[in-house]
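First listed ligand is number 1; within each ligand, the first listed atom is number 1.
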Amino acid sequence: MSFKGAVLAAALWAGVLASQAAAVEAGSGSVSAIRAGRLVDPASGKVLTDQIILVQGGKILTRGGVDAVKIPPGAAVIDLSHSTVLPGLIDVHVHLTANPENGGPNGLTISTAREAVDGVANARRTLLAGFTSVRNVGAGGFADVALRDGINAGEVPGPRMQVSGPPLGATGGHADENLLPFQYHDKEEGVADGPWALRAKVRQNIKYGADVIKFMGSGGVLSHGDSVGGQQLSQEEMNAIVEEAHMWGRKVAVHDHGTEAIKAAIRAGADTIEHASLIDDEGIRMAKARGTWLDMDVYDDDYILSEGTKNGVEAASLEKERQVGRLQRENFEKAVRAGCKMGFATDAGVYPHGWNAKQFAVMVRWGMTPMQAIRAATVTSAELIEADDELGRLSPGYFADIVAVPGDPSSDISTTLDVRFVMKDGRIFKRP
Ligand SMILES: [Zn+2]
C-alpha cells in the first residue's frame, strides 16, 4: 500500500489546524526553504553540513549545499542551522488505539469507540515525537482504519498509517480474550480455527480496510493463560493466511516469540516477524536467506517490568516478560551481526505513545551503530512498508516529512529523544 493518497488529503489541512499554535500553513504553490546546520542522509550513511532543502506542495523540491541551492525570493525560510535534520521517523509496530494502563483485566472496561478516541490523542503524540509514519499492527473494531482515514482526510493530526485491523489467531491464543469464563461466550474478532476459516478472516479484514494482515503465530507476554513461546497456529493454517493475504496484495506481519513458531512463519512466507524474541541460529539463517524482516521491540521490556504491576498487568505476564526480555536483546545482537533485515518496531501502546525514540539507545547498546539505528527508522523501515520511493530520505520527489534534533544523533543517539521540529507533507506541526 502506498501513501500517495495522502497527498490529496494533505491539501485539506488548511484551516483545520489553525487552532493549533504549533501548526503553520504553507500554501501548496509556495516554497519553504529549510536551512539545516547538519543533515543526516541515512541512504548514504553520511552527515552533511550546511544544507538547504526546498519544499513545495508537500514534497521535497531539491536539496543541496548552501553554495549549490538558491533560496527563491519570497520563500518562507525555516532556520534549523543550529540543529540536525533527519527524514521523518518510521515505527513499523505500534498500537495507537491501545494504552499501557489498560493491562490485564483493566482492558475489559474499554470500548472500541473509546480506543478510537485514545488513538486520536496518541496519533498526535507520536507525530510530535518525530514519527511521521507508522504501521499499526493490531486494533479492535477497525478503530485503526477510522483513525488512518481521519488522518488522511486532514481531520486528525497524526502520522501516515498502514493498519491491520484485528489480528488473526487461534481460539484461546494471543489474539483472543481469555480472561472471561465460558458463560460469557466471548471471542475476539480475529479468532478462527482451520485454514479456510482463517482465509475468511483475511478477506474480512481486507473488506473493512486493512492494508496489512497480522496474525499471532505464538503465545504472547500480555495474554492470559498461554505460553509465550508456544506455537498457536499449525503450519497449514499459517500457509493459508499468507497465501490468501498475498493473493489480495497484502503483506503479512506475524507476532512470534517462539523458536519453532518463528520458523513455521518464515516457511509459510510471512513478510515480517514481530518480536522474534526466542529466534535461534537456524531461524536467523532462514530469515537472512529468505529476506524475512525481523522487527524486534527491544526497549519495552524495561517499561513493562517497571510499570506493569501499576498498569494492571498480571503477575504471570510479568514472569513471561522476565523470561524473554533479556534473551530477545541477546538474539537482537545476533541478528544484527548476521546482517538480517531489521525494521524499527517498538510495540508502542505497551508503553506510552511518543516514547518511541527510547528504543534507539537500546538498539545501539545491543549491537547497532547509531547510523544503523537511524537507518532502521528511516530508509530501512520505508522499504519494509514498501514506501521507499516516497519516504525515508530527504531527496527530490520524496514527501516533505522532516524532523530536527539538537546535537548530532549519529554520534549521540539520545538526541532523538529531543525532536524539536516536525514537518509532515510540508506542514509544520512543531517548531523550536
Ligand atoms: Zn504489538
- Test: Arg148 and Asp211 ion pair at under 4.0 Å: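 Judged by the 4.0 Å cut-off on N to carboxylate O distance, Arg148 and Asp211 do form a salt bridge.
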
- Message: Quick check: of its N, O or S atoms, which one does Asp347 have closest to the Zn ion (ligand 1)?
- Response: OD1

- Query: Would His275 count as a contact for the Zn ion (ligand 1), in the sense that one of its N, O or S atoms lies under 2.8 Å from it?
  - Reply: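 Under 2.8 Å: His275 has no N, O or S contact with the Zn ion (ligand 1).
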
- Under 2.8 Å from the Zn ion (ligand 1), is there an N/O/S atom belonging to His93? yes

- Message: Does the structure place the NZ or CZ of Arg63 under 6.0 Å from the centre of the six-membered ring of Tyr398, at an angle of no more than 45° from the ring's axis?
- Response: no

- Item | Pairwise distance NE2(His275) to CG(Asp297) - rounded to 0.5 angstrom | 5.0 Å

- Task: Among Lys214, Lys251, Arg250, Arg135, find the one that has a salt bridge (charged side-chain N to carboxylate O under 4.0 Å, His left out) with Asp271.
- Result: Lys251

